[in-house]
Every structure is written in structure tokens, then in C-alpha cells.
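A, B, ... follow the sequence lines: proteins, then strands. Residue 1 opens every chain.
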Amino acid sequence: EAGVVQSPRYKIIEKKQPVAFWCNPISGHNTLYWYLQNLGQGPELLIRYENEEAVDDSQLPKDRFSAERLKGVDSTLKIQPAELGDSAVYLCATTEGPLGSYNEQFFGPGTRLTVL
Amino acid sequence: AQSVTQLDSQVPVFEEAPVELRCNYSSSVSVYLFWYVQYPNQGLQLLLKYLSGSTLVKSINGFEAEFNKSQTSFHLRKPSVHISDTAEYFCAVSLIYNQGGKLIFGQGTELSVKP
């Protein structure tokens with residue numbers, strides 16, 4: 001069975017440009033997370049979806065970041081406009097629902113964003 | 001608020017030597033505890049987890065971790081490491097109640113196994 005798929009794997013853009021990341025979860029996984037991982041740090045949650053509903057977006061910088069999960073399957077994370085400080089790895093993770101703190105989260109390989 | 005501290009950012013070790021990666025956490029409520037591993041160019045993978053019961057948990061590839069509630073620690077150990085264990089290891093917690101499985105990670109420990 002395929003794991004969590006993310007694309008692109010790498011993205012280089014100039015500051016002030018828009019960028020989008022895509023995540024395809026494991027089939028049947030209702031819960032989807034976007035994490036931000038800065039260099040030398042552990043991942044930090046940006047947003048969590050239960051099906052198509054964003055149930056925790058308290059850490060998402062809403063002035064420039066947006067996310068959607070239409071039909072409760074694939075998800076996209078967008079930054080507009082990008083800033084130098086947004087250079088990081090963006091991770092998508094999914095898990096079987098319902099809400100369960102003990103459920104294993106399955107991570108994609110991430111998208112490494114470089115903003116010049 | 002919850003936090004996780006991994007006390008060593010890098011741990012170099014020779015092949016077949018024992019290793020311990022240290023993890024301490026802070027939380028006013030009960031948590032589940034996890035170790036994730038990230039091999040080069042791959043996504044994070046669950047290595048082992050503590051939910052309840054026996055405080056010593058083991059992975060299929062020889063790692064083990066012990067939950068110590070009094071010391072709020074969850075150190076990861078392996079008696080004899082292999083070159084293939086070279087990776088970044090992340091300790092994480094999630095709240096038992098609410099929070100929907102949000103993982104709070106430590107900064108990571110880079111394990112480098114040398115021949």
C-alpha cells in the first residue's frame with residue numbers, strides 16, 4: 001500500500017512569490033496534519049483536519065498561509081507571499097480516525113522549501 | 001503547556017557499541033510518549049510508543065525505551081548499534097485527552113554510527 005505522498009519534494013522560489021504543497025493521504029485515513037520543520041528542530045503542527053474540516057488551525061499564520069482539504073482526501077497548503085523565514089520542510093502526516101492521541105501518524109517525505 | 005527536551009543534538013558512536021538517546025518531557029496532564037526515526041531522505045517513522053501498562057517498550061529492531069514518570073523521562077536505548085541505525089531520532093508526546101493526537105516533538109538527536 002502506498003504511503004503518504006507529497007509533492008513537490010523540493011521547491012525554490014524568490015521571496016514574495018506564492019507556493020503550494022500537495023499531500024495525498026493513505027487511503028482511509030481521515031485525519032491529516034501539516035507540520036513545519038525548521039532546520040535542526042522537531043516538527044511543529046500547523047493545522048489538523050478531520051475529514052474536510054480544519055479542527056485545529058491555531059498555529060497557522062493566517063495572514064499568509066492557507067490550507068484546504070476538499071472532499072476530505074487530498075490537501076494543499078499554500079503560502080502567499082513567501083518570506084525568507086518560510087524556508088523549511090513542510091511535512092504531511094495522516095492517521096486513521098476517529099480522534100486518537102495514541103494512533104500512529106504516518107508521515108510523507110516532506111517538501112523542502114527554499115525562499116531566496 | 002507541554003514541551004519535550006532531547007538532551008543531545010548529536011550522538012556519535014561506534015558500531016556494536018551501546019547507545020542511549022535521552023528525552024525529558026514536561027506536562028501537567030497525562031501524555032502518550034513516542035519515538036520516531038527519520039532516515040536520510042525519508043519521512044518520519046514510528047519506532048515505538050508508550051501508552052499504558054509495562055513501562056518498558058521495545059521495537060522490532062532492538063531499540064527499547066523506558067517510561068519513568070517520576071523523572072518525566074523516556075530515554076531510548078540499544079545495546080548494540082548497527083551502521084543502518086544512523087538517522088535522526090525524535091521524541092514526542094501527545095495528550096491523552098483532547099488535542100486530537102497533536103504531537104509535540106523534541107528537537108531531535110542525530111545518531112551517527114561509525115564503523
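Put simply, L7(B) and Y89(B) are part of two different groups of oily side chains (I, L, V, M, F, W, Y) that touch within less than 4.5 Å, one to the next. Follow the hydrophobic side-chain contacts under 4.5 Å out from L48(B) and you reach V19(B) in the same cluster. If you chain together hydrophobic residues whose side chains sit under 4.5 Å apart, V4(A) and V73(A) never meet in one group. Both V11(B) and F74(B) are part of a single hydrophobic cluster, where members link through side-chain heavy atoms under 4.5 Å apart. Residues L32(A) and I79(A) are members of one and the same hydrophobic cluster, defined by side-chain heavy-atom contacts under 4.5 angstrom among Ile, Leu, Val, Met, Phe, Trp and Tyr.
Residue R112(A): no heavy atom, backbone or side chain, is found under 4.5 Å from chain B. Contact annotation for E44(A): neither backbone nor side-chain heavy atoms come within less than 4.5 Å of a heavy atom of chain B. Proximity to chain A (any heavy atom under 4.5 Å) is shown, for E88(B), by neither the backbone nor the side chain.
Taking both residues in full, the closest heavy atoms of R9(A) and N41(B) are given as NH2-O, 3.8 Å, listed atom of the first, atom of the second, then distance. For the residue pair F90(B) and Q37(A), the shortest heavy atom distance occurs at CZ-NE2, 3.2 Å. For the residue pair Q105(A) and Y36(B), the shortest heavy atom distance occurs at N-OH, 3.1 Å. Between E104(A) and K49(B), the closest heavy-atom pair is N-NZ, 4.4 Å. Smallest separation of non-hydrogen atoms from F107(A) and L44(B): CB-O, 3.5 Å.
Across C92(A), A93(A), P43(A), G40(A), the residue that shares the most heavy-atom pairs under 4.5 angstrom with chain B is P43(A).
The list of salt bridge (charged side-chain N to carboxylate O under 4.0 Å, His left out) pairs with a residue in residues 23-37 of chain A, not counting sequence neighbours, is empty.
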(Q) Test side chain to side chain contact (heavy atoms under 4.5 Å, CB included) on L103(B) and Y35(A); report intermediate values, then the result. (A) CA-CA 10 Å; L103(B) 286 171; Y35(A) 287 89; 3.5 Å; yes

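Around atom NZ of K69(B), no more than 12 heavy atoms belonging to other residues, nucleotides or ligands sit under 6.0 Å away.
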